[in-house]
Colleague: 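Okay, handing you the structure first.
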2 protein chains.
Amino acid sequence: MSHQRPRIPEATVARLAVYLRVLTGLADGGRSNVSSGELASAAGVNPAGLRKDLSHLGPCGVRGVGYEVATLRDRIAGVLGVERSRACVLVGIGNLGAALADYAGFGSRGFRFIGLFDADPARVGVAVGGQAVRPMEQLDEVVAATAATIGVIATPAEVAQSVCDRLTAAGVRSILNFAPVALSAPAGVDVRQVDLSVELQVLAFLGQQRAAAPVEVLA
Amino acid sequence: MSHQRPRIPEATVARLAVYLRVLTGLADGGRSNVSSGELASAAGVNPAGLRKDLSHLGPCGVRGVGYEVATLRDRIAGVLGVERSRACVLVGIGNLGAALADYAGFGSRGFRFIGLFDADPARVGVAVGGQAVRPMEQLDEVVAATAATIGVIATPAEVAQSVCDRLTAAGVRSILNFAPVALSAPAGVDVRQVDLSVELQVLAFLGQQRAAAPVEVLA
DNA sequence: GCGACTTTGTTCCTGCGTTCACAAGCGGTT
DNA sequence: AACCGCTTGTGAACGCAGGAACAAAGTCGC
(Lines give C-alpha, C1' and ligand atoms only; values in the text may rest on other atoms or scores of the structure.)
Protein backbone atom coordinates (compact mmCIF):
# COMPACT_ATOMS: atom_id res chain seq x y z
CA MET A 1 0.00 0.00 0.00
CA SER A 2 2.60 2.47 1.11
CA HIS A 3 3.26 4.04 -2.25
CA GLN A 4 5.24 6.61 -0.26
CA ARG A 5 2.26 8.93 -0.70
CA PRO A 6 4.07 11.70 -2.55
CA ARG A 7 1.63 14.42 -1.60
CA ILE A 8 -0.36 15.39 -4.66
CA PRO A 9 -0.49 19.14 -5.31
CA GLU A 10 -3.89 20.71 -4.95
CA ALA A 11 -4.05 22.01 -8.50
CA THR A 12 -3.45 18.47 -9.71
CA VAL A 13 -6.26 17.11 -7.54
CA ALA A 14 -8.68 19.57 -9.11
CA ARG A 15 -7.67 18.43 -12.57
CA LEU A 16 -7.85 14.76 -11.61
CA ALA A 17 -11.51 15.34 -10.83
CA VAL A 18 -11.99 16.68 -14.34
CA TYR A 19 -10.15 13.75 -15.90
CA LEU A 20 -12.34 11.40 -13.91
CA ARG A 21 -15.45 13.00 -15.35
CA VAL A 22 -14.15 12.79 -18.89
CA LEU A 23 -13.05 9.18 -18.44
CA THR A 24 -16.44 8.20 -17.06
CA GLY A 25 -18.04 9.68 -20.14
CA LEU A 26 -15.65 7.83 -22.43
CA ALA A 27 -16.25 4.55 -20.62
CA ASP A 28 -20.00 4.98 -20.96
CA GLY A 29 -19.44 5.61 -24.65
CA GLY A 30 -17.71 2.28 -24.99
CA ARG A 31 -14.18 3.56 -25.49
CA SER A 32 -11.44 1.37 -24.10
CA ASN A 33 -8.29 3.35 -24.82
CA VAL A 34 -7.23 6.99 -24.90
CA SER A 35 -4.03 8.83 -25.56
CA SER A 36 -2.87 11.65 -23.34
CA GLY A 37 -3.39 14.10 -26.19
CA GLU A 38 -7.02 13.22 -26.69
CA LEU A 39 -7.77 13.16 -23.01
CA ALA A 40 -6.03 16.48 -22.54
CA SER A 41 -8.02 18.21 -25.24
CA ALA A 42 -11.26 16.82 -23.84
CA ALA A 43 -10.31 18.16 -20.43
CA GLY A 44 -9.03 21.45 -21.78
CA VAL A 45 -5.44 21.15 -20.56
CA ASN A 46 -1.94 20.66 -21.89
CA PRO A 47 -0.99 17.05 -22.76
CA ALA A 48 2.35 17.25 -20.95
CA GLY A 49 0.65 18.62 -17.87
CA LEU A 50 -1.85 15.81 -17.95
CA ARG A 51 0.91 13.22 -18.05
CA LYS A 52 2.64 14.91 -15.17
CA ASP A 53 -0.58 14.91 -13.17
CA LEU A 54 -1.04 11.21 -13.85
CA SER A 55 2.56 10.48 -12.91
CA HIS A 56 1.62 11.19 -9.31
CA LEU A 57 -0.41 7.98 -9.34
CA GLY A 58 2.52 5.92 -10.51
CA PRO A 59 2.78 4.41 -14.00
CA CYS A 60 -0.70 3.70 -15.25
CA GLY A 61 -0.41 3.85 -19.00
CA VAL A 62 1.22 1.76 -21.69
CA ARG A 63 3.87 3.40 -23.84
CA GLY A 64 3.08 3.46 -27.48
CA VAL A 65 -0.58 2.72 -26.78
CA GLY A 66 -2.07 5.11 -24.25
CA TYR A 67 -4.25 4.63 -21.21
CA GLU A 68 -6.89 2.02 -20.65
CA VAL A 69 -10.04 3.98 -19.91
CA ALA A 70 -11.59 1.78 -17.24
CA THR A 71 -8.32 1.16 -15.42
CA LEU A 72 -7.36 4.80 -15.30
CA ARG A 73 -10.84 5.78 -14.21
CA ASP A 74 -10.74 3.37 -11.29
CA ARG A 75 -7.24 4.44 -10.38
CA ILE A 76 -8.21 8.10 -10.17
CA ALA A 77 -11.45 7.29 -8.38
CA GLY A 78 -9.46 5.37 -5.81
CA VAL A 79 -7.05 8.22 -5.18
CA LEU A 80 -9.82 10.79 -4.90
CA GLY A 81 -11.75 8.51 -2.63
CA VAL A 82 -14.86 8.39 -4.78
CA GLU A 83 -15.42 4.71 -4.13
CA ARG A 84 -16.58 5.31 -0.60
CA SER A 85 -19.69 7.46 -0.57
CA ARG A 86 -19.33 10.62 1.49
CA ALA A 87 -22.10 12.02 3.60
CA CYS A 88 -22.68 15.76 3.27
CA VAL A 89 -25.05 18.19 4.91
CA LEU A 90 -26.34 21.25 3.07
CA VAL A 91 -27.47 24.35 4.90
CA GLY A 92 -29.54 27.03 3.20
CA ILE A 93 -32.09 25.72 0.73
CA GLY A 94 -32.70 28.84 -1.32
CA ASN A 95 -32.32 28.89 -5.06
CA LEU A 96 -28.70 27.88 -4.99
CA GLY A 97 -29.12 25.32 -2.25
CA ALA A 98 -31.97 23.67 -4.14
CA ALA A 99 -29.85 23.61 -7.27
CA LEU A 100 -27.04 21.88 -5.40
CA ALA A 101 -29.36 19.39 -3.71
CA ASP A 102 -30.87 18.52 -7.04
CA TYR A 103 -27.65 18.34 -9.00
CA ALA A 104 -27.15 14.77 -10.17
CA GLY A 105 -23.45 15.33 -10.70
CA PHE A 106 -22.71 15.01 -7.00
CA GLY A 107 -24.28 11.62 -6.53
CA SER A 108 -22.32 10.04 -9.34
CA ARG A 109 -19.13 11.29 -7.77
CA GLY A 110 -19.52 9.79 -4.39
CA PHE A 111 -21.31 12.59 -2.59
CA ARG A 112 -24.56 11.99 -0.80
CA PHE A 113 -26.57 14.77 0.80
CA ILE A 114 -27.97 13.18 3.92
CA GLY A 115 -29.49 16.33 5.32
CA LEU A 116 -30.92 19.56 3.94
CA PHE A 117 -31.40 22.31 6.49
CA ASP A 118 -32.99 25.73 6.49
CA ALA A 119 -33.87 28.26 9.17
CA ASP A 120 -36.96 29.47 7.34
CA PRO A 121 -40.04 27.59 8.67
CA ALA A 122 -41.73 28.08 5.32
CA ARG A 123 -39.12 25.92 3.66
CA VAL A 124 -38.99 23.20 6.28
CA GLY A 125 -40.79 20.09 5.16
CA VAL A 126 -40.70 20.94 1.49
CA ALA A 127 -39.24 18.15 -0.62
CA VAL A 128 -36.14 19.12 -2.57
CA GLY A 129 -34.17 16.66 -4.63
CA GLY A 130 -36.06 13.74 -3.17
CA GLN A 131 -35.89 14.56 0.53
CA ALA A 132 -37.58 16.87 2.97
CA VAL A 133 -35.94 20.03 4.25
CA ARG A 134 -35.24 19.82 7.98
CA PRO A 135 -35.22 22.57 10.61
CA MET A 136 -31.87 23.77 11.90
CA GLU A 137 -32.56 22.22 15.28
CA GLN A 138 -31.95 18.76 13.84
CA LEU A 139 -28.51 19.61 12.52
CA ASP A 140 -26.47 18.34 15.43
CA GLU A 141 -28.22 15.03 15.72
CA VAL A 142 -28.12 14.31 12.00
CA VAL A 143 -24.41 15.09 11.81
CA ALA A 144 -23.74 12.95 14.84
CA ALA A 145 -25.88 10.07 13.63
CA THR A 146 -24.44 9.91 10.13
CA ALA A 147 -20.87 10.99 10.88
CA ALA A 148 -21.04 13.54 8.10
CA THR A 149 -17.69 15.29 7.72
CA ILE A 150 -18.55 17.66 4.91
CA GLY A 151 -20.83 20.68 5.18
CA VAL A 152 -21.99 22.96 2.39
CA ILE A 153 -23.15 26.49 3.15
CA ALA A 154 -25.55 28.15 0.70
CA THR A 155 -27.11 30.69 3.03
CA PRO A 156 -27.16 34.48 2.85
CA ALA A 157 -23.85 36.06 3.83
CA GLU A 158 -25.13 37.45 7.10
CA VAL A 159 -25.69 34.08 8.74
CA ALA A 160 -22.89 32.12 7.09
CA GLN A 161 -20.45 32.54 9.96
CA SER A 162 -22.93 31.37 12.57
CA VAL A 163 -23.82 28.38 10.40
CA CYS A 164 -20.12 27.65 10.08
CA ASP A 165 -19.78 27.73 13.85
CA ARG A 166 -22.67 25.33 14.30
CA LEU A 167 -21.28 22.96 11.71
CA THR A 168 -17.84 22.83 13.25
CA ALA A 169 -19.35 22.44 16.72
CA ALA A 170 -21.34 19.49 15.43
CA GLY A 171 -18.17 17.83 14.18
CA VAL A 172 -17.96 18.77 10.51
CA ARG A 173 -14.35 18.98 9.40
CA SER A 174 -14.63 20.24 5.82
CA ILE A 175 -16.76 23.17 4.68
CA LEU A 176 -17.61 24.43 1.23
CA ASN A 177 -18.89 27.97 1.43
CA PHE A 178 -20.93 29.62 -1.32
CA ALA A 179 -21.81 32.69 0.72
CA PRO A 180 -19.75 35.76 -0.18
CA VAL A 181 -17.93 36.12 3.13
CA ALA A 182 -14.60 34.92 4.40
CA LEU A 183 -15.29 32.43 7.16
CA SER A 184 -13.08 31.84 10.15
CA ALA A 185 -12.97 28.32 11.51
CA PRO A 186 -10.88 26.58 14.15
CA ALA A 187 -7.64 24.90 13.14
CA GLY A 188 -8.18 21.45 11.72
CA VAL A 189 -11.22 22.51 9.74
CA ASP A 190 -10.83 23.05 6.01
CA VAL A 191 -12.85 25.88 4.50
CA ARG A 192 -13.06 26.41 0.76
CA GLN A 193 -14.66 29.49 -0.69
CA VAL A 194 -16.60 29.63 -3.95
CA ASP A 195 -17.80 33.01 -5.13
CA LEU A 196 -19.91 32.75 -8.25
CA SER A 197 -19.77 36.43 -9.09
CA VAL A 198 -16.00 36.66 -8.84
CA GLU A 199 -15.64 34.51 -11.92
CA LEU A 200 -18.03 36.74 -13.78
CA GLN A 201 -16.11 39.78 -12.66
CA VAL A 202 -12.81 38.38 -13.88
CA LEU A 203 -14.40 37.53 -17.19
CA ALA A 204 -15.74 41.04 -17.56
CA PHE A 205 -12.37 42.51 -16.73
CA LEU A 206 -10.59 40.40 -19.32
CA GLY A 207 -13.16 41.33 -21.92
CA GLN A 208 -12.82 45.01 -21.13
CA GLN A 209 -9.04 44.80 -21.25
CA ARG A 210 -9.17 43.05 -24.59
CA ALA A 211 -11.54 45.65 -25.99
CA ALA A 212 -9.33 48.48 -24.77
CA ALA A 213 -6.21 47.06 -26.43
CA PRO A 214 -7.24 46.70 -30.07
CA VAL A 215 -3.70 46.76 -31.45
CA GLU A 216 -1.62 43.84 -30.39
CA VAL A 217 -1.21 41.43 -33.24
CA LEU A 218 0.02 44.13 -35.52
CA ALA A 219 3.77 43.62 -36.12
CA MET B 1 -5.39 58.17 -19.70
CA SER B 2 -2.31 56.19 -20.58
CA HIS B 3 -1.54 54.97 -17.09
CA GLN B 4 0.97 52.68 -18.77
CA ARG B 5 -1.54 49.88 -18.16
CA PRO B 6 0.77 47.60 -16.19
CA ARG B 7 -1.23 44.47 -16.92
CA ILE B 8 -2.82 43.25 -13.74
CA PRO B 9 -2.35 39.51 -13.06
CA GLU B 10 -5.50 37.44 -13.16
CA ALA B 11 -5.18 36.19 -9.60
CA THR B 12 -5.03 39.79 -8.46
CA VAL B 13 -8.16 40.68 -10.41
CA ALA B 14 -10.06 37.90 -8.66
CA ARG B 15 -8.97 39.22 -5.28
CA LEU B 16 -9.79 42.80 -6.22
CA ALA B 17 -13.35 41.67 -6.72
CA VAL B 18 -13.34 40.31 -3.19
CA TYR B 19 -11.88 43.51 -1.77
CA LEU B 20 -14.56 45.45 -3.58
CA ARG B 21 -17.26 43.41 -1.92
CA VAL B 22 -15.75 43.88 1.53
CA LEU B 23 -15.27 47.60 0.98
CA THR B 24 -18.86 48.02 -0.12
CA GLY B 25 -19.97 46.36 3.07
CA LEU B 26 -17.74 48.61 5.17
CA ALA B 27 -18.98 51.72 3.40
CA ASP B 28 -22.58 50.71 4.02
CA GLY B 29 -21.66 50.23 7.65
CA GLY B 30 -20.46 53.81 7.85
CA ARG B 31 -16.75 53.11 8.08
CA SER B 32 -14.49 55.70 6.47
CA ASN B 33 -11.02 54.21 6.94
CA VAL B 34 -9.39 50.79 6.97
CA SER B 35 -5.91 49.46 7.38
CA SER B 36 -4.48 46.83 5.10
CA GLY B 37 -4.41 44.40 7.98
CA GLU B 38 -8.08 44.69 8.76
CA LEU B 39 -9.10 44.57 5.13
CA ALA B 40 -6.89 41.56 4.55
CA SER B 41 -8.37 39.58 7.40
CA ALA B 42 -11.89 40.40 6.24
CA ALA B 43 -11.00 39.19 2.77
CA GLY B 44 -9.11 36.16 4.02
CA VAL B 45 -5.72 37.00 2.55
CA ASN B 46 -2.27 38.07 3.63
CA PRO B 47 -1.82 41.81 4.39
CA ALA B 48 1.36 42.06 2.33
CA GLY B 49 -0.35 40.40 -0.60
CA LEU B 50 -3.23 42.79 -0.35
CA ARG B 51 -0.92 45.79 -0.49
CA LYS B 52 0.84 44.29 -3.47
CA ASP B 53 -2.48 43.80 -5.22
CA LEU B 54 -3.45 47.40 -4.52
CA SER B 55 -0.10 48.66 -5.74
CA HIS B 56 -1.20 47.75 -9.27
CA LEU B 57 -3.70 50.60 -9.08
CA GLY B 58 -1.04 53.13 -8.14
CA PRO B 59 -0.78 54.73 -4.70
CA CYS B 60 -4.22 54.92 -3.19
CA GLY B 61 -3.63 54.87 0.55
CA VAL B 62 -2.13 57.24 3.08
CA ARG B 63 0.91 56.05 4.98
CA GLY B 64 0.43 55.96 8.68
CA VAL B 65 -3.35 56.11 8.29
CA GLY B 66 -4.66 53.46 5.94
CA TYR B 67 -7.11 53.52 3.06
CA GLU B 68 -10.16 55.69 2.68
CA VAL B 69 -13.01 53.25 2.20
CA ALA B 70 -15.08 55.14 -0.35
CA THR B 71 -12.11 56.23 -2.44
CA LEU B 72 -10.59 52.78 -2.61
CA ARG B 73 -13.95 51.25 -3.42
CA ASP B 74 -14.45 53.61 -6.34
CA ARG B 75 -10.90 53.08 -7.52
CA ILE B 76 -11.29 49.31 -7.65
CA ALA B 77 -14.74 49.59 -9.17
CA GLY B 78 -13.28 51.75 -11.91
CA VAL B 79 -10.50 49.30 -12.71
CA LEU B 80 -12.85 46.33 -12.77
CA GLY B 81 -15.29 48.27 -14.89
CA VAL B 82 -18.19 47.92 -12.49
CA GLU B 83 -19.33 51.48 -13.05
CA ARG B 84 -20.69 50.68 -16.47
CA SER B 85 -23.42 48.10 -16.22
CA ARG B 86 -22.77 45.02 -18.31
CA ALA B 87 -25.46 43.20 -20.20
CA CYS B 88 -25.45 39.42 -19.84
CA VAL B 89 -27.54 36.65 -21.28
CA LEU B 90 -28.21 33.46 -19.37
CA VAL B 91 -29.01 30.19 -21.11
CA GLY B 92 -30.51 27.26 -19.26
CA ILE B 93 -33.01 28.18 -16.58
CA GLY B 94 -32.97 25.01 -14.51
CA ASN B 95 -32.29 25.03 -10.80
CA LEU B 96 -28.87 26.57 -11.18
CA GLY B 97 -29.90 29.02 -13.85
CA ALA B 98 -32.78 30.23 -11.74
CA ALA B 99 -30.45 30.63 -8.78
CA LEU B 100 -28.10 32.75 -10.87
CA ALA B 101 -30.90 34.85 -12.35
CA ASP B 102 -32.24 35.51 -8.90
CA TYR B 103 -28.92 36.18 -7.22
CA ALA B 104 -28.88 39.78 -6.08
CA GLY B 105 -25.10 39.81 -5.84
CA PHE B 106 -24.74 40.21 -9.60
CA GLY B 107 -26.84 43.31 -9.92
CA SER B 108 -24.93 45.20 -7.29
CA ARG B 109 -21.73 44.42 -9.09
CA GLY B 110 -22.60 45.85 -12.44
CA PHE B 111 -24.08 42.80 -14.10
CA ARG B 112 -27.52 42.89 -15.62
CA PHE B 113 -29.22 39.82 -17.04
CA ILE B 114 -31.08 41.18 -20.03
CA GLY B 115 -32.23 37.82 -21.31
CA LEU B 116 -33.04 34.42 -19.84
CA PHE B 117 -33.32 31.61 -22.35
CA ASP B 118 -34.36 28.00 -22.24
CA ALA B 119 -35.08 25.34 -24.84
CA ASP B 120 -37.80 23.70 -22.77
CA PRO B 121 -41.23 25.08 -23.83
CA ALA B 122 -42.54 24.36 -20.34
CA ARG B 123 -40.14 26.90 -18.90
CA VAL B 124 -40.64 29.60 -21.50
CA GLY B 125 -42.80 32.42 -20.20
CA VAL B 126 -42.27 31.60 -16.57
CA ALA B 127 -41.08 34.61 -14.58
CA VAL B 128 -37.71 34.12 -12.91
CA GLY B 129 -35.97 36.86 -11.00
CA GLY B 130 -38.38 39.45 -12.29
CA GLN B 131 -38.40 38.65 -15.97
CA ALA B 132 -39.94 36.09 -18.28
CA VAL B 133 -37.94 33.21 -19.72
CA ARG B 134 -37.61 33.48 -23.51
CA PRO B 135 -37.39 30.75 -26.13
CA MET B 136 -34.00 30.07 -27.70
CA GLU B 137 -35.21 31.47 -31.01
CA GLN B 138 -35.01 34.98 -29.61
CA LEU B 139 -31.38 34.68 -28.58
CA ASP B 140 -29.80 36.23 -31.64
CA GLU B 141 -32.06 39.24 -31.76
CA VAL B 142 -31.74 39.99 -28.05
CA VAL B 143 -27.96 39.78 -28.19
CA ALA B 144 -27.88 41.97 -31.24
CA ALA B 145 -30.32 44.51 -29.84
CA THR B 146 -28.62 44.88 -26.48
CA ALA B 147 -25.01 44.37 -27.53
CA ALA B 148 -24.57 41.82 -24.78
CA THR B 149 -20.98 40.61 -24.69
CA ILE B 150 -21.23 38.15 -21.83
CA GLY B 151 -23.04 34.84 -21.92
CA VAL B 152 -23.60 32.41 -19.07
CA ILE B 153 -24.29 28.74 -19.74
CA ALA B 154 -26.18 26.75 -17.11
CA THR B 155 -27.54 23.99 -19.32
CA PRO B 156 -26.99 20.24 -19.16
CA ALA B 157 -23.59 19.19 -20.43
CA GLU B 158 -24.91 17.60 -23.59
CA VAL B 159 -26.10 20.83 -25.15
CA ALA B 160 -23.51 23.21 -23.73
CA GLN B 161 -21.27 23.13 -26.81
CA SER B 162 -24.11 23.91 -29.18
CA VAL B 163 -25.26 26.73 -26.94
CA CYS B 164 -21.70 28.03 -26.91
CA ASP B 165 -21.68 27.96 -30.70
CA ARG B 166 -24.92 29.89 -30.89
CA LEU B 167 -23.70 32.47 -28.41
CA THR B 168 -20.45 33.10 -30.25
CA ALA B 169 -22.27 33.25 -33.55
CA ALA B 170 -24.59 35.88 -32.09
CA GLY B 171 -21.60 37.99 -31.11
CA VAL B 172 -20.95 37.12 -27.48
CA ARG B 173 -17.26 37.45 -26.68
CA SER B 174 -17.05 36.19 -23.09
CA ILE B 175 -18.62 32.99 -21.80
CA LEU B 176 -18.97 31.64 -18.28
CA ASN B 177 -19.73 27.93 -18.38
CA PHE B 178 -21.25 26.01 -15.50
CA ALA B 179 -21.82 22.83 -17.48
CA PRO B 180 -19.26 20.11 -16.77
CA VAL B 181 -17.67 20.03 -20.24
CA ALA B 182 -14.68 21.72 -21.75
CA LEU B 183 -15.98 24.05 -24.45
CA SER B 184 -14.14 24.94 -27.60
CA ALA B 185 -14.67 28.43 -28.95
CA PRO B 186 -13.10 30.45 -31.76
CA ALA B 187 -10.08 32.62 -31.00
CA GLY B 188 -11.02 35.96 -29.49
CA VAL B 189 -13.68 34.44 -27.29
CA ASP B 190 -12.91 33.98 -23.61
CA VAL B 191 -14.35 30.90 -21.95
CA ARG B 192 -14.17 30.37 -18.21
CA GLN B 193 -15.15 27.10 -16.65
CA VAL B 194 -16.77 26.68 -13.24
CA ASP B 195 -17.35 23.17 -12.00
CA LEU B 196 -19.21 23.12 -8.70
CA SER B 197 -18.44 19.52 -7.90
CA VAL B 198 -14.71 19.87 -8.46
CA GLU B 199 -14.42 22.06 -5.40
CA LEU B 200 -16.29 19.51 -3.37
CA GLN B 201 -14.03 16.77 -4.66
CA VAL B 202 -10.90 18.68 -3.70
CA LEU B 203 -12.33 19.28 -0.26
CA ALA B 204 -13.09 15.60 0.18
CA PHE B 205 -9.60 14.65 -0.92
CA LEU B 206 -7.96 17.02 1.52
CA GLY B 207 -10.15 15.73 4.31
CA GLN B 208 -9.32 12.13 3.47
CA GLN B 209 -5.61 12.90 3.29
CA ARG B 210 -5.74 14.65 6.63
CA ALA B 211 -7.58 11.74 8.20
CA ALA B 212 -5.05 9.27 6.80
CA ALA B 213 -2.07 11.18 8.22
CA PRO B 214 -2.91 11.46 11.91
CA VAL B 215 0.67 11.96 13.06
CA GLU B 216 2.18 15.17 11.85
CA VAL B 217 2.38 17.74 14.61
CA LEU B 218 4.06 15.29 16.92
CA ALA B 219 7.69 16.39 17.39
C1' DG C 1 9.16 72.53 15.80
C1' DC C 2 10.92 68.07 16.44
C1' DG C 3 10.84 63.17 17.38
C1' DA C 4 8.66 58.77 17.47
C1' DC C 5 5.11 55.70 15.92
C1' DT C 6 2.17 53.81 12.54
C1' DT C 7 1.11 52.14 8.09
C1' DT C 8 1.86 52.04 3.23
C1' DG C 9 4.59 50.80 -0.96
C1' DT C 10 8.38 48.22 -2.65
C1' DT C 11 12.04 44.93 -3.11
C1' DC C 12 13.95 40.56 -2.58
C1' DC C 13 13.60 35.82 -2.19
C1' DT C 14 11.69 31.31 -1.95
C1' DG C 15 8.71 27.88 -3.65
C1' DC C 16 5.28 26.15 -6.87
C1' DG C 17 3.12 25.36 -11.11
C1' DT C 18 3.50 25.01 -16.04
C1' DT C 19 5.70 24.18 -20.25
C1' DC C 20 9.02 22.37 -23.36
C1' DA C 21 11.97 18.75 -24.84
C1' DC C 22 14.10 14.23 -24.61
C1' DA C 23 14.90 9.45 -23.29
C1' DA C 24 12.65 4.95 -22.36
C1' DG C 25 9.55 1.40 -23.62
C1' DC C 26 5.97 -1.13 -26.19
C1' DG C 27 3.38 -2.72 -30.39
C1' DG C 28 3.16 -3.57 -35.17
C1' DT C 29 5.49 -4.76 -39.38
C1' DT C 30 8.57 -6.84 -42.55
C1' DA D 1 14.01 -11.58 -35.12
C1' DA D 2 15.01 -6.88 -35.83
C1' DC D 3 13.41 -2.27 -37.02
C1' DC D 4 10.37 1.71 -36.88
C1' DG D 5 6.88 4.67 -35.23
C1' DC D 6 4.15 6.05 -31.53
C1' DT D 7 3.23 7.32 -26.77
C1' DT D 8 4.34 7.56 -22.03
C1' DG D 9 7.12 9.24 -18.21
C1' DT D 10 10.60 12.29 -16.50
C1' DG D 11 14.12 15.91 -16.19
C1' DA D 12 15.10 20.81 -16.68
C1' DA D 13 14.11 25.67 -17.55
C1' DC D 14 10.96 29.31 -17.40
C1' DG D 15 7.62 32.35 -15.43
C1' DC D 16 4.53 33.55 -11.71
C1' DA D 17 2.45 33.95 -7.37
C1' DG D 18 3.12 34.41 -2.29
C1' DG D 19 5.51 35.87 1.88
C1' DA D 20 8.72 38.31 4.63
C1' DA D 21 11.55 42.14 5.52
C1' DC D 22 12.80 47.07 4.69
C1' DA D 23 12.50 51.89 3.35
C1' DA D 24 9.46 56.01 2.61
C1' DA D 25 6.00 59.02 4.33
C1' DG D 26 2.64 61.00 6.99
C1' DT D 27 0.47 61.90 11.59
C1' DC D 28 0.24 62.46 16.48
C1' DG D 29 2.29 63.89 20.81
C1' DC D 30 5.44 66.73 23.40
Side-chain angles (χ1 to χ4, degrees), chain A residues 3-4 6-19 22-23 26 31-69 71-73 75-76 79 182 193 198 202 205-206, chain B residues 3-4 6-19 23 26 31-69 71-73 75-76 79 182 193 198 202 205-206 209:
Chain A
H3 273 188
Q4 75 172 343
R7 200 193 119 272
I8 304 178
E10 191 172 308
T12 294
V13 174
R15 283 188 296 263
L16 285 177
V18 176
Y19 306 154
V22 174
L23 286 167
L26 287 174
R31 285 289 297 276
S32 63
N33 281 58
V34 246
S35 67
S36 66
E38 189 181 357
L39 192 54
S41 90
V45 300
N46 186 297
L50 181 139
R51 291 199 298 272
K52 176 158 288 200
D53 286 339
L54 261 44
S55 74
H56 287 109
L57 319 179
C60 47
V62 180
R63 300 180 189 232
V65 177
Y67 300 93
E68 199 185 346
V69 173
T71 307
L72 185 56
R73 165 171 56 83
R75 187 76 158 273
I76 295 178
V79 171
Q193 178 78 26
V198 164
V202 173
F205 176 78
L206 294 177
Chain B
H3 273 188
Q4 75 172 346
R7 202 194 116 268
I8 303 179
E10 192 172 307
T12 293
V13 174
R15 281 188 297 264
L16 284 178
V18 177
Y19 306 154
L23 286 167
L26 288 175
R31 284 289 297 276
S32 62
N33 280 60
V34 245
S35 67
S36 66
E38 189 181 358
L39 192 53
S41 90
V45 301
N46 186 295
L50 180 138
R51 291 200 297 271
K52 176 169 288 195
D53 286 338
L54 261 43
S55 75
H56 287 109
L57 318 179
C60 46
V62 179
R63 300 180 187 230
V65 177
Y67 301 93
E68 200 186 344
V69 173
T71 307
L72 185 56
R73 164 171 55 83
R75 188 75 158 272
I76 295 178
V79 171
Q193 179 78 25
V198 164
V202 173
F205 176 79
L206 293 177
Q209 207 177 34

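In this text, all values refer to a predicted model and were calculated from it rather than measured experimentally.
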Colleague: Look at the side-chain N and O atoms of A:Ser36 and state whether any lies under 4.0 Å from the OP1 or OP2 oxygen of D:dT7.
Modeller: no
Colleague: Check this for me, if you would: do B:Arg31 and B:Glu68 make a salt bridge, where the nitrogen-to-carboxylate-oxygen distance has to be below 4.0 angstrom?
Modeller: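 Salt bridge between B:Arg31 and B:Glu68, a charged N being under 4.0 Å from a carboxylate O: no.
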Colleague: Considering only NZ, NE, NH1 and NH2 on the basic side and carboxylate oxygens on the acidic side, decide whether A:Arg15 and A:Glu10 come within less than 4.0 Å.
Modeller: no
Colleague: Under 4.0 Å between a side-chain N or O of A:Arg51 and OP1 or OP2 of C:dT18?
Modeller: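 The answer is no; no side-chain N or O of A:Arg51 sits under 4.0 Å from OP1 or OP2.
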Colleague: What does B:Gly49 touch in the nucleic acid at a heavy-atom separation under 4.0 angstrom: a base, only the sugar-phosphate, or nothing?
Modeller: nothing
Colleague: Reading DNA chain C from 5' onward, which residue's closest nucleotide shows up sooner: A:Gly64 or A:Asp53?
Modeller: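 First, find each residue's nearest nucleotide; the 5'-ward one identifies A:Asp53.
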Colleague: Does B:Arg63 make a side-chain donor-acceptor contact with the base of C:dT8, cut-off 3.5 Å?
Modeller: yes
Colleague: Nearest whole angstrom, please: distance from the P of D:dT10 to the CG of A:Leu54.
Modeller: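 Nearest whole value for this atom pair: 11 Å.
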Colleague: Could you walk me through whether A:Ile8 and B:Phe205 pass the side chain to side chain contact (heavy atoms under 4.5 Å, CB included) test, one step at a time?
Modeller: CA-CA 10 Å; A:Ile8 304 178; B:Phe205 176 79; 4.3 Å; yes
Colleague: What is the separation between atom CD1 on B:Ile8 and atom C1' on D:dC16, rounded to the nearest whole Å?
Modeller: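 For the pair B:Ile8 CD1 and D:dC16 C1', the rounded distance is 16 Å.
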Colleague: Quick one: A:Lys52 NZ to C:dA21 P, roughly how many Å, whole number?
Modeller: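 My rounded result for the distance is 14 Å.
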Colleague: Ignoring backbone atoms, establish whether A:Arg15 has a side-chain N or O less than 4.0 Å from OP1 or OP2 of C:dG17.
Modeller: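 A:Arg15 to C:dG17 OP1/OP2: no side-chain N or O under 4.0 Å.
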Colleague: Go through B:Val13 and B:Val79 one step at a time and tell me if the side chain to side chain contact (heavy atoms under 4.5 Å, CB included) criterion holds.
Modeller: CA-CA 9 Å; B:Val13 174; B:Val79 171; over 6 Å; no
Colleague: Looking only at non-hydrogen atoms, find the nearest pair between B:Cys60 and B:Tyr67 and report the distance.
Modeller: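 B:Cys60 and B:Tyr67 have their closest heavy atoms at O-CD2, 3.6 Å.
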Colleague: Can you tell me the distance, in whole Å, between the CG atom of B:Asn33 and the C1' atom of C:dT6?
Modeller: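 Distance, rounded to whole Å: 13 Å.
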Colleague: From NE2 of A:His56 over to P of C:dC16, roughly how many Å is that when rounded to an integer?
Modeller: 11 Å
Colleague: Take the protein atom CG of A:Leu50 and the nucleotide atom P of C:dT19, then report the distance between them rounded to whole Å.
Modeller: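 Between P of C:dT19 and CG of A:Leu50: 12 Å.
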Colleague: To the nearest Å, give me how far apart CD (B:Glu38) and C1' (C:dT6) are.
Modeller: 15 Å
Colleague: More 5' along DNA chain C: A:Ala48 or A:Val65, using each one's nearest nucleotide?
Modeller: A:Ala48
Colleague: Counting only side-chain N and O atoms of A:Tyr67, is one of them less than 4.0 Å from OP1 or OP2 of C:dC26?
Modeller: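 No, no such contact exists.
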Colleague: What's the CG-C1' distance between A:Asn46 and C:dA21, to the nearest Å?
Modeller: 12 Å
